[in-house]
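Input: a single structure, listed below in structure tokens.
None of these values were measured; they are calculated from a predicted model. The analysis underlying the following values was restricted to heavy atoms, covering all of them including side chains, and did not include hydrogens, waters or symmetry mates.
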Amino acid sequence: MVLVGEYNSKVTSGKRIAIPKSFRKIIGKELIVTRGFEPHLILVNQPQFTNLTRGVSDQPFISGEVREVSRYLLGGAFEVQPDSQGRFVIPEKLLSHANIGNQVVFLGLGQWVEIWDEVVWQKHEQTLGKHSAQIANRLSRLAEPA
């Protein structure tokens with residue numbers, strides 16, 4: 001099963017959010033939340049986190065870029081265990097990174113979930129809509145054989 005769809009949720013006064021029920025069935029209970037490269041968070045289970053970071057962990061330690069990405073993804077990661085209702089506390093450092101206010105949007109992206117502040121996501125989604133053809137064209141050029 002894959003994680004797909006978009007769901008809105010409130011952030012409680014205790015900085016807790018509830019993972020959508022359809023995601024909870026797939027993602028499990030031993031989770032890692034970390035910074036995304038845009039102002040959002042990434043939520044995955046532990047095996048998937050290993051898969052997501054493989055591109056960094058398989059590279060030589062002597063590479064400065066590898067160390068920087070490792071610091072960013074791994075150093076900013078937190079283990080979380082949702083309660084029986086799928087709720088967990090978002091660490092303050094991550095709230096700040098993603099500019100999370102009172103409402104969040106969960107996006108299922110196959111193997112991971114992104115968590116965005118609702119207003120930030122709406123602006124980003126508008127930008128995606130305006131530039132989707134150009135993004136697709138750039139991606140298709142990357143896939144072409146050299």
Side-chain angles (χ1 to χ4, degrees), residues 1-61 63-82 86-144:
M1 297 182 82
V2 294
L3 298 156
V4 296
E6 180 178 321
Y7 301 89
N8 293 42
S9 183
K10 292 181 188 249
V11 179
T12 69
S13 59
K15 307 302 180 196
R16 291 191 318 169
I17 57 173
I19 301 166
K21 192 173 184 177
S22 62
F23 289 173
R24 281 184 276 173
K25 293 177 185 177
I26 299 169
I27 202 165
K29 294 184 181 193
E30 294 184 10
L31 307 176
I32 295 177
V33 61
T34 191
R35 296 178 279 226
F37 291 106
E38 293 85 15
H40 70 275
L41 306 178
I42 298 170
L43 180 68
V44 294
N45 60 31
Q46 291 190 5
Q48 221 29 53
F49 189 71
T50 301
N51 288 339
L52 288 176
T53 58
R54 185 169 290 132
V56 174
S57 62
D58 291 350
Q59 300 299 314
F61 176 76
S63 166
E65 287 85 5
V66 168
R67 291 191 309 275
E68 290 297 336
V69 172
S70 294
R71 288 178 188 121
Y72 189 79
L73 288 177
L74 300 169
F78 293 85
E79 293 180 345
V80 294
Q81 291 191 336
R87 298 174 301 191
F88 69 92
V89 175
I90 304 174
E92 190 64 41
K93 185 176 234 178
L94 296 181
L95 281 170
S96 176
H97 166 76
N99 302 313
I100 290 178
N102 296 325
Q103 293 281 131
V104 293
V105 175
F106 287 87
L107 297 174
L109 298 176
Q111 302 301 312
W112 71 90
V113 174
E114 289 184 350
I115 304 169
W116 290 76
D117 173 80
E118 183 179 53
V119 173
V120 173
W121 169 245
Q122 288 170 350
K123 289 177 185 174
H124 191 74
E125 188 176 32
Q126 287 176 351
T127 300
L128 283 175
K130 289 178 186 174
H131 302 288
S132 60
Q134 292 119 340
I135 294 167
N137 286 334
R138 283 195 312 261
L139 187 58
S140 69
R141 286 193 297 274
L142 291 175
E144 292 174 359

Item checked: Interatomic distance, Thr34 atom OG1 to Lys93 atom NZ [nearest 0.5 angstrom] -> 10.0 Å
Next item on the list: Would you indicate whether the side-chain heavy atoms of Val33 and Ile90 approach each other to under 4.5 Å?
Entry: no
Item checked: Rounded distance (nearest 0.5 Å) linking atom CD1 of Ile17 with atom CZ of Arg87 -> 12.0 Å
Item checked: Test applied, side-chain contact (heavy atoms from CB on, under 4.5 Å); reference residue, Leu95; option that passes from Leu41, Val89, Val104, Ile100 -> Ile100
Notebook entry, point to check: Can any side-chain N or O of His97 pair as donor or acceptor with the backbone N or O of Gly36 at less than 3.5 Å?
Noted result: yes
Notebook entry, point to check: Do you know the tightest heavy-atom contact between Ile19 and Pro82?
Noted result: CD1-CG, 3.7 Å
Check: Got Phe23 and Leu43 here, is their nearest side-chain heavy-atom distance under 4.5 Å?
Finding: no
Next item on the list: Write down the atom of Asp117, the atom of Gly101, and the distance for their closest heavy-atom approach.
Entry: OD1-N, 2.9 Å
Item checked: side-chain contact (heavy atoms from CB on, under 4.5 Å) between Arg35 and Leu94, worked out -> CA-CA 7 Å; Arg35 296 178 279 226; Leu94 296 181; 3.7 Å; yes
Next item on the list: Test His40 against every option in Phe106, Trp121, Trp116 by the ring pair (Phe, Tyr, Trp, His ring centres under 6.0 Å) rule and name the one that passes.
Entry: Trp116
Note to self: Can a donor-acceptor pair be found, under 3.5 Å and without considering hydrogens, that links the side chain of Asn45 to the backbone of Glu30?
What the structure shows: no
Checklist line | Straight-line distance of Leu107 CG to His124 NE2, nearest 0.5 Å | finding: 9.0 Å
Note to self: When you compare the side chain of Gln46 with that of Ile32, does any pair of heavy atoms fall below 4.5 Å?
What the structure shows: yes
Check: If you measure only the distance, is there a donor-acceptor pair under 3.5 Å linking the side chains of Asn8 and Glu118?
Finding: yes
Next item on the list: Apply side-chain contact (heavy atoms from CB on, under 4.5 Å) to the pair Tyr7 and Val105, showing each step before the final yes or no.
Entry: CA-CA 6 Å; Tyr7 301 89; Val105 175; over 6 Å; no
Notebook entry, point to check: Of the non-hydrogen atoms in Ala18 and Ser9, which two are nearest, and what is the gap between them?
Noted result: O-OG, 3.6 Å
Note to self: Quick one, Val44 and Gln111 - any side-chain contact, counting heavy atoms below 4.5 Å?
What the structure shows: no
Check: What pair of heavy atoms forms the shortest contact from Val11 to Gln103, and how long is it?
Finding: CG2-N, 4.3 Å
Check: Step by step, would you call Leu74 with Phe49 a side-chain contact (heavy atoms from CB on, under 4.5 Å)?
Finding: CA-CA 9 Å; Leu74 300 169; Phe49 189 71; 3.3 Å; yes
